[in-house]
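One structure is given here, and the rest of the page talks about it.
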Amino acid sequence: MDLKEMLAHRRAIRVYDKTKHIDTERVADCLRLAQLAPTSSNMQMWECYHVTDAKTLEALHRACFQQTAATTAQELVVFVVRPNYVKRRATANLTFQERNIREHFPKEKQEKYLKRWSMYYKKAIPFLYGRFFGLFGLLRKGLMQLLTPFRPMLHQTSEADGNVILHKSCALVAETFMLAMSEIGYDTCPLEGFDSWRVKRALHLPYSAQISLIVSCGVRNEAAELGERFRIPFEEQYIRI
Ligand SMILES: Cc1cc2nc3c(=O)[nH]c(=O)nc-3n(C[C@H](O)[C@H](O)[C@H](O)COP(=O)(O)O)c2cc1C
C-alpha cells in the first residue's frame with residue numbers, strides 16, 4: 001500500500017471479525033515502527049502496553065464500557081504517558097548525544113555542541129517539565145509572562161499545559177502505529193472512551209501515569225456496515241496565508 005491507500009484503508013473499526021486472527025509479533029513490529037514518531041524535545045515520555053492476555057483484556061473491556069470496538073478486538077494497545085520520566089529520558093537523550101556528537105560531528109565543534117545539549121537536558125528540560133502539585137507550573141508561567149514583553153517566550157508552561165504536550169506527542173505515536181497496522185492490512189480503532197482509573201488498575205500502573213489512548217486491533221468484520229467517511233469540506237479547514 002502507498003500512503004494514500006493506507007490512509008484510505010484506516011478507519012475506526014467498531015466490529016472486528018473474530019475468526020480472522022492477527023499475528024501478535026506483527027503488531028509488536030508496528031509498535032516498533034511507531035517509536036519513529038516525533039516527540040517534543042525527543043523526550044519520548046510514553047510507553048505502550050500491548051495486551052493479549054485474556055483476563056486483562058476482559059478487565060479492559062469493562063473499563064472501555066463494553067464498546068464493541070474493544071470487546072470484538074483481538075488485542076488492545078494502551079498508550080500511556082509518564083510525566084515523572086523527565087530525569088530518566090533527559091539522561092538517556094544526553095548520554096546518546098554525547099556519543100553521537102563524538103562519533104559524527106567535526107572535532108572543533110564537539111565541545112560547543114556538547115555544552116549546548118548539556119544545557120538543554122540538564123537545565124532547560126528540568127525547568128520546563130518540572131512539577132510540584134501545580135505550583136511549579138504556576139511559578140514558571142508567571143515568570144514567562146513577566147519576560148514576554150522583552151522577548152518571545154513559551155506560554156504553554158503550566159503543569160496542565162505540560163500534560164497537553166505529553167499527550168500530543170503520544171497521539172503522534174498512536175497515529176503512526178495505526179498507519180503501520182493499516183499498511184499490513186490490520187485494523188484499529190482509537191478509543192478515549194474509558195475509565196482511566198480502571199485501566200490503570202488492570203495494568204498495575206501508578207497514580208502518576210496517564211492513559212492517553214487505547215487502540216483496539218484486529219481485522220474488520222466485512223459484514224458489519226461501516227458507511228461513508230465524514231470529513232468537513234477541506235476549504236473550511238484550510239487557510240493559506
Ligand atoms: C482521540 C480519539 C478518541 C476516540 N475515541 C473513540 C471511542 O471511544 N470510541 C469509538 O468508537 N471511536 C473513537 N474514536 C474514533 C473516531 O470516532 C473516528 O476516528 C472518527 O469518527 C473518524 O472516523 P475514521 O477514523 O473512520 O475516519 C476516537 C478517535 C480519536 C482520534
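A quick note: this is a predicted structure, and the numbers were derived from the prediction, not measured. Whatever order the structure lists them in is the order used to number ligands and atoms, beginning at 1.
If you check each of Gln67, Glu228, Arg14, Arg11 against atom 21 (O) of ligand 1, the one with the closest non-hydrogen atom is Arg14. Atom 8 (O) of ligand 1 has its nearest heavy-atom neighbour, among Ser216, Pro190, Gly193, Cys189, in Gly193. One option in Met178, Glu192, Arg10 has a heavy atom closer to atom 3 (C) of ligand 1 than any other, and that option is Glu192.
Cation-pi contact between Arg88 and Tyr85: present, with separation from the ring centre below 6.0 Å and deviation from the ring axis of at most 45°.
Taking the centre of each ring, Tyr121 and Trp117 come in below the 6.0 Å mark.
In this structure, the protein non-hydrogen atom closest to atom 18 (C) of ligand 1 is Ala12 CB, 3.7 Å. Regarding atom 7 (C) of ligand 1, its nearest protein heavy-atom neighbour is Leu191 CD2, 3.5 Å. Looking only at heavy atoms of the protein, atom 22 (C) of ligand 1 is closest to Arg231 NH1, 3.6 Å.
Heavy atoms of Ala69 stay at 4.0 angstrom or farther from ligand 1.
Salt bridge annotation for Glu103-Arg99: present, with a cationic side-chain nitrogen under 4.0 angstrom from a carboxylate oxygen. Checked for salt-bridge contact, Glu75 and Arg26 miss the test: no charged N lies under 4.0 Å from a carboxylate O.
For the residue pair Glu192 and Leu213, the shortest heavy atom distance occurs at CB-CD1, 4.2 Å.
Taking the six-membered ring where the residue is Trp, Trp46 and Phe79 present tilted rings, their angle falling between 30° and 60°.
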